[in-house]
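In what follows, a structure is listed as structure tokens, so that the remarks can point back to it.
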Amino acid sequence: MRTAIQIVSAALALATLVLTGPAAKAANSVDPAADAKAFQKYFTTKFPKLKLSDFVNGPYSLNEDMHRQWVEKEEFPPYEFALDAGKEMFSKPFKNGKTYADCFADKGIGIRQNYPYFDEKEGKVITLELALNRCREANGEAPISYVKDDMAALTAYMAFTSRGKPFDIRIPSDPRALAAFENGKEYFYTRRGQLNFSCASCHVQNPGERIRAEILAPALGILNAMPIYRSEWGGMGTISRRFISCNSQTRGVPLDPQSDEYRDLEYYLSYVSNGLPISGPGARP
Amino acid sequence: MKLFSRSLALPLAAILLAATPALAASEADFKTAYAAADAANKEAGTLRDQWTTTASALKDAKKAADAGDFDKAVAEAKEAEALAKASVFQAKAEKEAWKAEVIR
Amino acid sequence: MASTIRVRASATGDTTEVQALIQHPMDSGYVKDAKGDLIPAHFIQQVTFECNGKSVFVADWGTAVSKDPYVKFSFKGGNKGDDLKISWVDNKGASDTTTAKIA
Amino acid sequence: MTIETDFSPTRRLILKGVGVIALAGLGVLRFGAMPAFAAANDKWPEEAFKQKAEADAIKALYGKTAEPSDKVKLDAPEIAENGAVVPISVTTTLTDVTSISFLVADNPSALAASYVIPAGTMPSVANRIKMAKTSKVTAIIEAGGKLYSATKEVKVTVGGCGG
């Protein structure tokens, strides 16, 4: 019975949306640089006291009580173990004697800010998590789970070696790269799940607000802090995990990790945070 | 709060759905209802917008059918179908609607 | 395998500040796993801190201490280079020990 | 002050019940200038951790009751960002502190942690604890054989799409 109410309310809500929906502007030609500028301006206008780089600290910059808890936590952050484990894994050779360092530019040190990138040969977005598993497979190792544990440890270490470096996501002049950016943007703003939320509903329209008394993080800079130790998870999680858990919370069935949509979403969301420093790994509620 | 403005429940409408047929359902009824729900959910899948609530209603329908309770199984399958159709509706509406929310 | 204990101990004047983080699930016994079965309680009961063989702090913990527990305290008398020995034991009898130098 | 290890079950039982006087009578500890108390024992205080109610836990641990004191400075968030990790710390201007404990009244078992403070160690502890729901958090300081406390309410909410 309760479900019936929900169906009806959802259907009605959608009907209302269609009837009264704001006049959708025709999609202009894709201009990522203008999008990023507008995106950053939106947040700095909404939170005039914050510096651009403050946004990489998520909800902690928006609330004093939370900020104090964060400072306390950062004294000995809960991601320490993952960081150490990641460092160890990163330097430990595969069975064939090679290491992760052999798969990356600059031996994988200080390069987090360049991911994801658009691979013009493949015509697709390559995220760091994807690149790590491809590295494993190229060296005869089985891929690892995208959501936590080893993958979180590895990306934690790689982010740590890149701390302070500004996100530097490039969009080559390739129509497929522009399309990937645009797809990511569409995914970000599209409402889904029974609760009818988009990523933007929470993280653009309501950052700093409480949802069930938790403070919502701003979308700007949200990926700079990845991977994160989340108290709610009682452990580490990757970007893949973040996307999946957000989708589930809207009562939507999440996509597979590293599906095209998620890769494009990461591309879009990273690009609009260009210039903000990498701060990962992070600790979050 | 703006977040919730589009998901207001209308209890009145719920009453309309509350009346259920009195006739006992058969296994065939269940199969028909389940197939319809499954098809709608697959469509939602191609639109990348399935709902977790659809999935659990489908699961509950199967469970009830396995236990021989076809009344419940049909009711759950119908719920699943309604949910799946709502998700399809949502996905189609959003094909254009998302553009209005983009920060420019 | 790396130690389950991370320590930072630094002396300023005659006071040494100690922070420790220990890797441990600290299962409360009230949480269910994915299958719906209760995860039995598994938690550190006691942590001892000794500086040059002398007890400077003892932590007695129950199941309400957070996963990967953290504690901070300070004591007088430690000097840079002194040994700080930290040991824990949990309710299943597992234990670990590490010795850190005060910085 | 030196604390000798002694795992005699008799001593443990007595400590739980009667506390200081019985302990002194047994003479198993060499005392410095100040007496040692139950919580300064080096055995894990099983009985105290078993108690559900805060008052029972304090009684099992110390064998006496605490009085509120503004010399006990308890630092806790107003709203815990997550009940699984709530940073709580306490410090005091009281002297002769021998033990510090943290209790969460509405947890399934009230006692969260108890710390032995030997002579020379500062009466100040920070730690992270779990809270099942919104509750009073109490810090107990044992100083000069007496118990002092400070209490603060910490709100706990369920996790959502935050972070």
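Sequence lines set the chain letters: A, B, ... in the order given, protein chains first and strands last, and positions in each chain run from 1.
Residues C/Asp68 and C/Gln23 bring no donor and acceptor atom of their side chains to less than 3.5 Å of each other. Looking only at atom types and distance, the side chain of D/Thr121 has no donor-acceptor partner in the side chain of D/Tyr115 under 3.5 Å away.
Most heavy-atom pairs under 4.5 Å with chain D: of the set C/Ala64, C/Pro69, C/Ser66, C/Ala59, this distinction falls to C/Ser66.
Counting heavy-atom neighbours within 6.0 Å of D/Lys152 NZ, excluding the residue itself, gives a total above 12. Around the CD atom of D/Glu78, the shell of radius 6.0 Å holds no more than 12 heavy atoms that belong to other residues, nucleotides or ligands.
Proximity to chain D (any heavy atom under 4.5 Å) is restricted, for C/Tyr30, to the side chain, taken from C-beta onward. Using a 4.5 Å cut-off between heavy atoms, C/Leu21 touches chain D through its side chain atoms alone. Contact annotation for D/Val86: only backbone heavy atoms (N, CA, C, O) come within less than 4.5 Å of a heavy atom of chain C. Looking at C/Thr63, the atoms closer than 4.5 Å to chain D (heavy atoms on both sides) all sit in the backbone: N, CA, C or O.
One distance of note links CG of D/Leu147 with CD1 of D/Ile140; it measures 6.0 Å at 0.5 Å rounding.
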